[in-house]
Amino acid sequence: MLGSGILQGLLVTAKNFVGSFHDPARYTTLEYPEVKPALPEAYRNFPFLVCDNATDPLGTLRCVACQICEKECPPQCIYIEKSRDKKPDATGKPQIYPAVFAIDTSVCMSCQICVEVCPFDAIKMDQVFEVATTDRYAALLLDRGQLTKPNTYFHTIHPTEAAEVDARLAADRQAAEEKARVAALAKAKAPAAPQAPAAPVAKRDQTPESAP
Amino acid sequence: MSPLQGCLLLSAALFSVGLVIALARSNAILVLLGIELMLNAANLNFIAFWRFHSGAAPATGVIFVLFAIAVAAAEAAVGLALVIALYRHQKNLRLQEATRLRG
Amino acid sequence: MIAAALTTDSFLERLPVLARDTVTGRLPESWRWMAGSLLEIIAILAGFGLLFAYLTLAERKILGRIQNRPGPNRTGWFGLLQPFADGVKALTKEDVVPAGADRVLHFLAPVVLVAVSLLGFAVLPFGRHLVAVELDTAVLYFFAAGTATELAVFMAGWASHNKYSLLAAMRALAQLISYELPLLLSVVPVVLVAGTLSTTKIVAAQGGWSLGFVPHWHVFTPWGAAGFVLFMVAALAESNRSPFDLPEAESELIAGHLTEYSGFKYALFFMAEYFGMCALSGMAVTLFLGGWGAPLAQLEWIPSYAWFTAKLLVLLLGFIWIRATLPRLRLDQLMKFAWKFLVPLTLLNLANAAGWSLTAGWTGPLQLVRWAVALALVAVPFVVLGRTLSAGSAPRTYRFA
Amino acid sequence: MNATPLANPSSGAHVRSVPGDLPGDLMEVSMGPHHPSTHGVFRMIVTLDGETIVRLKPVFGYLHRNHEKLAENTSYLGSMPYTDRLDYLNSMTNNWAYARAVEQLAGIAVPERAEYVRVILAELTRLLNHTCLAGFLMQDCGCSGTPLMYAFREREKILDLFESLSGSRMMCNYQRFGGCRVDPSAAWLAAAQQLVDGYGPFLDEFEALLTGNEILLARTQGVGRLSAALAINAGVTGPMLRATGVNYDLRKVDGYGVYPRFQFRIPLGEHGDVYDRYMIRILEMRESLAILRQALAGLPAGPIMNPAAKLRGFRPKAGEAYGRIEGPKGEIGFHLVSDGGPNPWRYHVRAPSFINLTILEDLCLGHTVADAVIILGSIDIVLGEVDR
Amino acid sequence: MTFTFLILAVIILGSALAAALRPNLIHCALLLVVSWLGVAGFYLWAGAEFVAFAQVLVYVGALSMVVLFAVLLTRQSRAELRVDAPETRRAVWAVIAGVAVSGVIGAAVFATKWDPAPVTAPEVTVRGLGLELMGAHAAALLLLGVLLTAALLGAVVLAAPDRPEKEEKS
């Protein structure tokens with residue numbers, strides 16, 4: 001009969017009206033500035049640079065300015081200048097470091113490819129999404145200082161991933177020490193033998209950092 | 001000047017304006033509107049006589065006007081239908097050009 | 001009965017009138033009529049102005065809740081100051097008039113619309129003693145006053161010099177011509193049965209109770225129920241509300257005749273829409289729902305204007321509820337619905353009401369026959385016409401590969 | 001009033017000042033690019049006789065971003081996040097189609113678990129897309145937001161799933177050549193199962209709200225009829241095509257991925273009108289739920305990525321490949337030509353929105369403005385994919 | 001002769017005259033609506049409530065709509081709404097005719113000796129009006145119904161497109 005479909009529809013809206021007062025499944029609004037959304041651990045926004053020591057952020061950057069991320073970034077929002085000198089990294093080995101590391105967040109599309117291609121676990125995705133600013137240019141171009149955040153922060157936003165990274169890095173370091181020790185022994189045994197090449201850094205092409 | 005005279009003069013003036021519109025303008029719709037205005041002037045007279053002239057039956061003037069309004073509505077409906085038909089034939093509403101029926 | 005007689009004219013009942021008389025009583029005799037009218041106008045403007053303000057808020061809140069969201073809740077406690085914030089915004093916004101617009105008509109349209117939409121309130125009996133103007137021809141006046149609204153919509157649409165607005169103007173005209181008829185025709189049965197065009201007398205004719213608890217409201221008769229529904233449907237169309245909001249169909253014509261309006265003029269249109277809605281709902285309350293009458297004799301101690309307001313609000317909520325649910329009709333379907341469904345039904349309903357009032361003397365088993373015939377006269381045409389109207393469109397079943 | 005002058009005032013006769021070859025009674029309305037119902041920045045130049053459409057010229061390109069040329073200058077991996085932005089409602093299926101093309105080009109095998117996860121995500125995407133479409137279409141029909149809000153309420157739940165898996169709600173960038181980027185956890189799979197269980201009741205409610213509504217039936221039935229012949233000739237795919245009664249679904253035709261392992265049906269329409277297109281999508285959602293249940297139940301253990309796949313320095317051998325899947329809007333395909341370099345030599349997208357849109361004028365002629373809006377809505381376009 | 005009457009007269013005549021002079025068809029129609037409203041005001045002033053509201057309903061509510069509809073239906077462009085000014089010869093003759101008519105009527109009005117007007121308006125209730133319509137004027141009412149129906153049908157037939165011709169064109 002004419003009108004039955006309309007009445008059925010009215011019933012549905014009435015049910016939703018009543019339901020919105022007592023049923024959380026029917027009232028899903030978060031009143032944002034007061035109530036913050038619960039971000040899933042995987043949530044990604046813009047990249048940041050990981051440093052090992054919060055007291056000396058720029059001195060303990062993991063980044064060695066290899067420029068892979070700069071090359072792989074699809075929208076080309078990363079700009080890196082290598083340093084001319086070398087500074088010791090967390091393991092004490094002298095490394096090149098980024099003299100300039102800038103990310104234009106107005107260009108960045110949060111694709112996470114820089115994170116995936118980084119062999120040093122130096123760049124990770126941040127979860128800060130309240131990035132509104134009144135300045136369209138300078139404020140959106142983040143420099144090295146603004147990008148650097150300590151490993152402890154990484155642990156707070158992506159705990160699982162950070163634990164994996166730390167374990168892997170510790171294993172790498174141990175392996176490197178072991179190798180160095182072996183090399184030192186060998187050197188002691190054969191002083192004339194040529195210098196062994198530096199321990200290659202673990203290539204992570206085939207192991208995405210989030211593998212189980 | 002008595003109220004009746006005033007009303008009659010107003011009615012006459014309105015009739016004349018309607019006449020001028022009907023005669024001078026060439027757009028069919030405007031001509032029709034002029035005729036409506038003349039009808040209104042006549043209705044004005046009915047009410048004026050009903051109100052300000054003794055001797056009439058109590059409701060006759062009002063009933064006359066009601067009939068006139070109804071007839072005017074019918075006339076306007078047919079007239080505007082004619083206008084649309086006219087437009088469909090000659091693509092404008094100029095009455096001077098509506099001479100197809102002239103022998 | 002004695003208790004009723006005592007309570008029906010209680011202090012609360014007479015309060016608005018007393019308040020008016022206290023003010024006018026201080027004035028010289030010759031000014032009293034004028035001052036009284038002025039006070040009534042101010043009261044109506046203030047009352048319905050406030051109702052308008054909170055109706056917009058209520059609409060947004062209810063719509064929000066129906067759509068599982070809170071609605072405006074930032075301005076003031078629960079968003080209670082939202083209407084005033086909106087008002088300030090509308091007042092301070094730039095008034096844009098398109099370059100090619102007809103400036104005079106563009107300005108006049110909202111003014112005329114608001115003025116005209118307020119006229120109808122003059123003859124609505126808000127309470128036992130509360131009617132601004134007692135007219136012998138009140139119902140006729142009400143509808144005559146309302147006719148110019150679509151004219152104003154046309155003016156707005158045409159003067160905006162915008163193609164969407166022009167389409168909206170055409171739609172508004174077509175819609176008015178189609179729905180004025182069923183609106184008026186659905187009122188005629190009430191006039192026929194009550195035997196008067198005066199709103200106060202129509203309300204008085206609905207006083208009293210059968211069996212002690214069924215009020216003599218017209219809506220409780222077969223023809224009255226049908227007439228009420230028909231009237232409300234036509235009223236939806238007359239006040240340009242969803243699902244008949246074709247002149248301002250957002251998804252098709254941007255905002256129709258409102259496309260080129262901004263700031264306070266836009267607010268005036270908004271206001272007029274709600275005034276029109278209130279006036280038509282008030283008329284429906286008066287004609288079909290017993291006006292200011294209480295539903296039960298035991299509840300007569302509540303002042304009559306409270307009953308009127310309550311009924312009015314229920315109808316307005318119905319408007320909002322329908323808006324939240326239904327999709328919009330297309331223009332040709334709108335016309336078809338008016339001419340092939342509403343008009344025949346209203347005409348049949350008129351005959352039904354005539355039969356009802358002719359058979360008023362039937363009692364006993366004849367009374368049952370009377371009800372059966374009247375119900376059949378409502379139900380059968382509805383089903384038959386409904387079937388022809390919706391012929392060709394039905395839910396389908398699908399095959400699977 | 002700012003009247004245009006008469007074209008030839010001296011002749012005395014009324015000369016029409018309507019430009020072009022328009023007959024006098026016609027009116028040309030430019031709907032869009034900023035119009036509430038053009039689903040983005042799309043423009044229709046509509047010629048109206050009264051409210052009836054006698055001509056309709058679609059204009060697009062307002063959202064052109066040079067997608068294909070960008071891809072030819074970026075590494076294969078670098079194009080993956082750009083495919084998210086083609087049809088931004090369906091990034092998961094776009095990713096998959098592109099990944100399939102590259103996998104075919106380079107001959108990379110995909111582990112079984114990844115194939116299952118891809119099916120799960122593709123069907124979730126189908127739910128997401130069809131739910132949104134139903135909401136948008138009802139909005140175009142003039143509902144004051146209610147069905148749209150219900151649709152978005154459910155869509156949010158799917159987006160939450162995507163976010164917790166891939167890190168982003170809409171720009172998922174999830175598929176990789178040779179598998180998926182992240183392995184879904186048990187908790188995620190449980191959440192997906194919960195969503196699937198709750199979706200049926202939602203669809204029931206949505207249908208109760210509208211499917212039987214007389215106004216909707218009158219508005220959509222018989223409007224915008226598409227004949228099977230025209231649909232095939234124009235290359236229309238997806239629910240649009242199936243609403244005309246043509247049984248063509250790549251999930252059955254190609255049987256790609258692990259689809260042949262699942263039991264599901266293909267709903268077919270008969271009239272090819274807006275109502276059929278709407279209902280086919282509703283019914284497809286129910287079939288998607290069936291697939292999801294089977295896929296979630298049968299998800300095998302194992303690696304999510306092919307260990308042989310390379311992320312960096314990826315250079316497929318010279319050759320060409322066309323990878324396609326049944327996206328929610330129709331056949332989404334990527335044609336790649338490699339010259340052995342790190343970038344594709346030629347990269348082409350077969351975008352279903354764009355190809356389905358080509359028949360817009362045929363559908364709209366003879367209908368009214370109000371119908372044009374819902375016909376456009378029922379075609380289900382995303383301008384990111386149309387303009388590229 | 002009251003102040004109200006004078007104001008009404010100014011509204012009625014002023015808007016009608018303005019309508020006679022405006023080039024824009026829509027303006028003419030809207031001005032005539034104002035004139036009709038003035039006439040309704042006059043009826044109200046004269047005490048004929050029912051007629052006044054009927055006038056508003058029919059003229060403002062229905063007739064003006066139909067007129068505007070006709071204007072828009074027969075418009076080919078915005079420019080076309082601007083109707084040519086009347087030709088001078090025709091206009092002069094029309095004005096002469098108009099002045100002559102009002103002159104004759106005016107002279108007759110002043111020449112005639114009128115009875116003194118009754119002080120109060122004749123009492124016409126809606127009920128009384130209805131009874132009289134259904135009683136003394138029942139035949140006329142029926143005829144009017146027939147006339148309206150015939151006019152409605154005639155208008156539909158006239159305005160409906162001639163199908164064969166339309167097919168020829170397309």
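In what follows, chains are A, B, ... by sequence order, proteins preceding strands, each numbered from 1.
- Only the side chain of E/Leu32 has a heavy atom closer than 4.5 Å to any heavy atom of chain B.
- Among the candidates E/Val67, E/Val95, E/Val92, the residue making the largest number of heavy-atom pairs closer than 4.5 Å to chain B is E/Val67.
- Comparing E/Ser35, E/Ala48, E/Ala97, E/Gly106 by heavy-atom pairs within less than 4.5 Å of chain B, the highest count is held by E/Ala48.
- Here the straight-line distance linking atom CD1 of B/Ile29 with atom SG of E/Cys28 works out to 10.5 Å at 0.5 Å rounding.
- Heavy atoms closer than 4.5 Å to chain E are found in the side chain of B/Val17, but not in its backbone.
- Note that OH of E/Tyr43 and CH2 of B/Trp50 are 11.5 Å apart. Values are rounded to the nearest 0.5 Å.
- Heavy atoms closer than 4.5 Å to chain B are found nowhere in E/Ala100, neither backbone nor side chain.
- The structure places CD of B/Glu36 at 4.5 Å from OH of E/Tyr59, a figure rounded to the nearest 0.5 Å.
- Taking CG from B/Leu10 and CZ from E/Phe42, the interatomic distance works out to 6.5 Å, rounded to the nearest 0.5 Å.
- Residue with the most contacts toward chain E among B/Ala12, B/Ala28, B/Ala76, B/Gly79: B/Ala12 (heavy-atom pairs, distance under 4.5 Å).
- Heavy atoms of E/Val109 lying under 4.5 Å from chain B belong to its backbone as well as its side chain.
- Between B/Val20 and E/Ala94, the shortest heavy-atom distance links the atoms CG2-O, 3.6 Å.
- No side-chain N or O of E/Gln55 forms a donor-acceptor pair with one of B/Asn43 less than 3.5 Å apart.
- Across every non-hydrogen atom of E/Trp45 and B/Cys7, the tightest pair is CZ3-SG, 4.1 Å.
- When heavy atoms are compared at a cutoff of 4.5 Å, B/Phe15 approaches chain E solely by way of its side chain, counted from C-beta outward.
- Pairs of residues two or more places apart, or lying in two chains, never qualify as ring-ring contact (aromatic ring centres under 6.0 Å, His included) while including a residue from residues 25-45 of chain B.
- Contact of E/Leu17 with chain B is made through backbone and side chain together, with heavy-atom distances under 4.5 Å.
- Heavy atoms of other residues, nucleotides or ligands lying less than 6.0 angstrom from CZ of B/Phe67 number more than 12.
- Contact of E/Trp93 with chain B is not made at all, since no heavy-atom distance falls under 4.5 Å.
- When each of E/Ile105, E/Leu21, E/Val99, E/Val39 is scored by its heavy-atom pairs under 4.5 Å with chain B, the top score falls to E/Val39.
- When B/Val62, B/Leu19, B/Leu44, B/Val78 are compared by the number of non-hydrogen pairs under 4.5 Å with chain E, B/Leu44 comes out ahead.
- Heavy atoms of B/Val65 lying under 4.5 Å from chain E belong exclusively to its side chain.
- If you measure heavy-atom distances from E/Ala62 to chain B, you find no contacts under 4.5 Å at all.
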Please tabulate, for the side chains in residues 146-155 of chain E, all donor-acceptor contacts under 3.5 angstrom to protein atoms that are two or more places apart in sequence or on a different chain.
{"unit_1": "E/Thr149", "atom_1": "OG1", "unit_2": "E/Gly145", "atom_2": "O", "d": "2.7"}

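- Considering CG of E/Leu25 and CG of B/Leu33, their distance stands at 8.0 Å, rounded to 0.5 Å.
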